[in-house]
Amino acid sequence: MERTMIAELSQCIDQTVKISGWLQVLRDQKSMQFLILRDRTGLVQVAHWKKGNPELAELISTLGTESALTVTGKVVENPSVKLGGLEIQLETLAVENAAEAPLPFELTGDVLPNVDFRMDWRYLDLRRPEPLLVFKVQTTLEKAAREFWLQNGFMEIHSPKIMGTPSESGAELFELKYFDGKAYLAQSPQFYKQMGMAAGFDRVFEIGPVFRADPSFTSRHMTEFTGLDFEMAWINDHHDVMDMIERWLQYIYQAVKDEHGEAIKELLGVDLVVPSLPFPRIPMLEAIQIVKEMGYDLPEGKTKDLDPGGERTIAQHVKEKFNHDFVFVTDWPITARPFYHMRKPEDPSLTRSFDLLANGLEICTGAQREHRRAMLERQALEMGLTTEPIAYYLDFFRYGCPPHGGMGMGLSRLLMVLLGLPNIREAVYLFRGPNRLNP
RNA sequence: GGGGGCGUGGUGUAGCGGCUAACAUGCGGCCCUGUCAAGGCCGAGAUCGCGGGUUCGAACCCCGUCGCUCCCGCCA
């Protein structure tokens, strides 16, 4: 017999079906047993008259919750059953894998253990409907992201994660042994995306792992995460990149809302709002003024960009003034940006760059890149870099590289914002941080 | 790297100088004509993170240490 998913049972009234899932609750009474079974699609009640099969009844009595079971039985309508008005009258039951009792924690309890404990037992934690929904949403999100990119002329690339030379600053790089020498884990596909521009691919994207050796202990940092990156050629300036991002995000939000809007509201209490276009864009200097006028004191030394408190303040301003959850903070000073961001021709102390804040959280950084080799080299030297380690990168710009720009976004940060999750650990399958390497 | 908060049965909490350390939930047993957040009764389960100190007396105060967590720095 084929397995039936629980969500489809209402179409199987009076049929005998096979259901596989986990025993969420067992109500073991004098004459009857009720088993609440859960699969990826929902819950169903299975009823068993003990008299009909005393041997089976005895077996059921020994079952621990969360045991993996396969049952067969007839689906019957029963209005008095609060769970969907139907139940399965048990015929056979196979214990595929009994669960030890007690469980490390109660999956359906009113209160949850702290995040760290749940990370130790992540596979049990993931059985709960909320985490399950997070990853259903992630799947839809990635599908929509790809769809949009493919519809808009982007090609998917997969760049190497093992690198021979530290790119960019090198400060947050994981070093590893590589045969007799050493190598580094990529902390961004940045240079390789840009190589795609030099290669004439026009538009590329990558969804892949990114490694940061940052000893950061916050609710929004990880040492390994999935980056959503794209790069596009023949642009006029960074506004072309922002135009693309906001259309792309709108498309993603719409897809997630269509597919999961109701479940998100029900389980997470979030009413997903598809963002309107265009997103507000505020130059950094203006943002600093606004934040000051709102009475927020930037910390000493923060005269050229915003700290997280400032970011939350500007987000609040945007929410009040434009009723928008997103804001691009643009035209960052060169001191706060890497050497490859293009400078503004009319003010070389500023860059053609932006960060995207979503509900005050930084989820994305982008810019037009400097594609003129001489200029790029000069900027690298100015920022105190030596050109030798980036020689390969600089070479990309020797034989006809078009003007281009792009962005990088953290997948889990986007999920956090989308679903209103308080901690990035809830938005990632398995968390990696300075003190977390297992499971 | 800097700072704050928290470590008490499996889990979540209460207790904050003088108790046999309390409650909820889970777990085990018994009872219950169909339960459905099931219910009722009984029971097991904690040397209060670890080490030192103060005190007649420490889960409680002090110091150290470890773990977790959040904020800042940095970033996605």
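Letters A, B, ... mirror the listed sequences (proteins, then strands); counts begin at 1.
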(message) If you assign each of Met32(A) and Asp307(A) to its closest nucleotide in RNA chain B, which residue comes earlier from the 5' end?
(response) Met32(A)
(message) Give me the distance, rounded to whole Å, that separates A76(B) from G15(B) when you measure between the C1' atoms they each carry.
(response) 43 Å
(message) Taking G7(B) as the reference, what is the distance to G12(B) when you measure between their C1' atoms (whole Å, please)?
(response) 13 Å
(message) Rounded to whole Å, please give me the gap between CZ in Phe117(A) and P in G49(B).
(response) 17 Å
(message) When the C1' atoms of C6(B) and U65(B) are compared, how many Å lie between them, rounded to an integer?
(response) 16 Å
(message) For a quick test of reading the model: is some side-chain N or O of Lys30(A) closer than 4.0 Å to OP1 or OP2 of C32(B)?
(response) yes
(request) Would you mind pulling out the nucleotide paired to G1(B), Watson-Crick or G-U wobble, both distances under 3.5 Å? (result) C72(B)
(request) Would you indicate what Gly109(A) reaches in the nucleic acid, counting non-hydrogen atoms under 4.0 angstrom: base, sugar-phosphate, or nothing? (result) nothing
(message) Check for me whether Arg27(A) meets the cation-pi criterion with Phe34(A), that is, NZ or CZ under 6.0 Å from the six-membered ring centre and within 45 degrees of the ring axis.
(response) no
(request) Specify the separation, in whole Å, of atom CG of Leu112(A) and atom P of U25(B). (result) 16 Å
(message) By the 4.0 Å heavy-atom rule, please label Ser80(A) as base, sugar-phosphate, or nothing.
(response) base
(request) Using a heavy-atom cut-off of under 4.0 Å over every strand shown, decide if Gln33(A) touches base, sugar-phosphate, or nothing. (result) nothing
(request) Answer whether the closest heavy-atom distance between the side chains of Leu26(A) and Ile36(A) falls below 4.5 Å. (result) no
Listed pairs, N/O of protein and of nucleotides 64-69 of chain B, under 3.5 Å:
residue, atom, partner, partner atom, Å
U69(B), OP1, Arg425(A), NE, 3.4

(message) Partner lookup for G67(B), please. Criteria are Watson-Crick or G-U wobble with both distances under 3.5 angstrom; report none if nothing qualifies.
(response) C6(B)
(message) Under 3.5 Å for both donor-acceptor distances, Watson-Crick or wobble: does G43(B) have a partner, and if so which one?
(response) C27(B)
(request) Taking only the side-chain heavy atoms of Gln45(A) (C-beta and beyond), determine which of U11(B), U35(B), A76(B) contains the nearest atom. (result) U35(B)
(request) Take atom P in C66(B) and the same atom in C56(B), then report the distance between them in whole Å. (result) 32 Å
(message) With side chain to side chain donor-acceptor pair (under 3.5 Å) as the test, pick out the partner of His404(A) among His371(A), Lys193(A), Arg369(A), Gln194(A).
(response) Gln194(A)
(message) Heavy atoms from C-beta onward define the side chain here; which of A38(B), U25(B), A76(B) lies closest to that of Ile424(A)?
(response) A76(B)
(request) Just do the side-chain hydrogen bond (donor to acceptor under 3.5 Å, both in side chains) check on Arg247(A) and Asn152(A) with the steps written out, would you? (result) CA-CA 11 Å; Arg247(A) 284 173 52 217; Asn152(A) 285 275; 3.0 Å; yes
(message) Output the rounded distance in Å from CG (Leu306(A)) to P (G73(B)).
(response) 11 Å
(message) Taking Glu156(A) first and then Arg146(A), would you say they form a salt bridge - that is, a charged N and a carboxylate O separated by under 4.0 Å?
(response) yes
(request) Can you tell me, in whole Å, how much space there is between the C1' of C48(B) and that of G29(B)? (result) 29 Å
(message) Measuring only the P atom in each nucleotide, how far is U69(B) from U13(B)? A whole number of Å is fine.
(response) 14 Å
(request) Would you kindly say whether His238(A) and Ser353(A) are connected by a side-chain donor-acceptor distance under 3.5 Å? (result) no
(message) Please determine whether a side-chain nitrogen or oxygen atom of Thr365(A) lies at a distance below 4.0 Å from atom OP1 or OP2 of A76(B).
(response) yes
(request) For nucleotides U55(B) and G17(B), find the distance between their C1' atoms and express it as a whole number of Å. (result) 9 Å
Between the protein and nucleotides 6-9 of chain B, are there any N/O to N/O pairs under 3.5 Å, and if so, what are the atom names and distances?
none

(message) Looking only at the aromatic ring of each residue, does the gap between the centers of Phe148(A) and Phe230(A) stay below 6.0 angstrom?
(response) no
(request) Using the six-membered ring for Trp and the full ring for Phe, Tyr or His, decide whether Phe34(A) stacks on the six-membered base ring of U35(B) (centres under 5.5 Å, planes under 30°). (result) yes
(message) Output the rounded distance in Å from CG (Leu107(A)) to P (G26(B)).
(response) 12 Å
(message) Test salt bridge (charged side-chain N to carboxylate O under 4.0 Å, His left out) on Glu206(A) and Lys161(A); report intermediate values, then the result.
(response) CA-CA 12 Å; Glu206(A) 175 162 359; Lys161(A) 303 307 158 201; 2.7 Å; yes
(request) Would you say whether Phe225(A) stacks on A76(B)? The test is a distance between ring centres of less than 5.5 Å and an angle between planes of less than 30°. (result) yes
(message) Under 4.0 Å, heavy atoms only, any strand: does Arg312(A) hit a base, just the sugar-phosphate, or nothing?
(response) sugar-phosphate
(message) On RNA chain B, does the nearest nucleotide to Gly410(A) precede the nearest nucleotide to Thr62(A) from the 5' side, or the other way round? Give the residue.
(response) Thr62(A)
(request) Go through C75(B), A37(B), C74(B) for me and flag the one nearest to the Glu362(A) side chain. (result) C75(B)
(request) Determine the Euclidean distance between corresponding P atoms of G5(B) and G10(B); express it in Å to zero decimal places. (result) 27 Å
(message) In whole Å, I'd like the distance from the CZ atom of Arg212(A) to the C1' atom of C74(B).
(response) 10 Å
(request) Please report, rounded to the nearest Å, how far the P atom of C75(B) is from the CD atom of Glu311(A). (result) 10 Å
(message) I want to verify a distance call: between C27(B), A76(B), C74(B), whose nearest atom is closest to the Ala101(A) side chain?
(response) C27(B)
(message) I'd like to know if Lys344(A) and Asp237(A) make a salt bridge, using a cut-off of under 4.0 Å between side-chain N and carboxylate O.
(response) no
(request) Name the orientation class of the two ring planes belonging to Phe354(A) and Phe328(A) (parallel below 30°, tilted from 30 to 60°, perpendicular beyond 60°). (result) perpendicular
(message) Is a donor from one side chain sitting under 3.5 angstrom from an acceptor on the other, for Asp325(A) and Tyr253(A)?
(response) no
(request) Using both distances under 3.5 Å as the test, list the Watson-Crick or G-U wobble partner of A22(B), or none. (result) U13(B)
(request) Name the nucleic acid region contacted by Thr218(A), choosing base, sugar-phosphate or nothing; use a 4.0 angstrom heavy-atom cut-off, strictly under. (result) base
(message) Is it the case that the side chain of Asp125(A) and the backbone of Trp121(A) share a donor-acceptor pair, with hydrogens and angles ignored and the cut-off at 3.5 Å?
(response) no
(message) Looking at the base of C71(B), is there any donor atom on it, or on the side chain of Arg220(A), that sits under 3.5 Å from an acceptor on the other one?
(response) no
(request) Indicate, yes or no, whether a donor-acceptor pair under 3.5 Å links the base of U33(B) to the side chain of Gln29(A). (result) no
(message) The side chain of Asp110(A) is closest to which nucleotide in this list: G12(B), A76(B), A37(B)?
(response) A37(B)
(message) Can you tell me the base-pairing partner of C60(B)? Count Watson-Crick or G-U wobble geometry only, both distances below 3.5 Å, and say none if there is no partner.
(response) none
(request) Determine the contact category for Asp120(A): base if any of its heavy atoms lies under 4.0 Å from a base atom, sugar-phosphate if only primed atoms, P, OP1 or OP2 are that close, otherwise nothing. (result) nothing
(request) Provide, to the nearest angstrom, the distance between the CG atom belonging to Leu415(A) and the C1' atom belonging to A76(B). (result) 13 Å
(request) Decide yes or no, distance alone: a donor-acceptor N/O pair under 3.5 angstrom between the base of G26(B) and the side-chain of Thr65(A). (result) no
(message) Distance check needed: A37(B) P versus Arg128(A) CZ, whole Å only.
(response) 20 Å
(message) For Glu266(A), I'd like to know if atom CD has over 12 heavy atoms of other residues, nucleotides or ligands within 6.0 Å.
(response) no
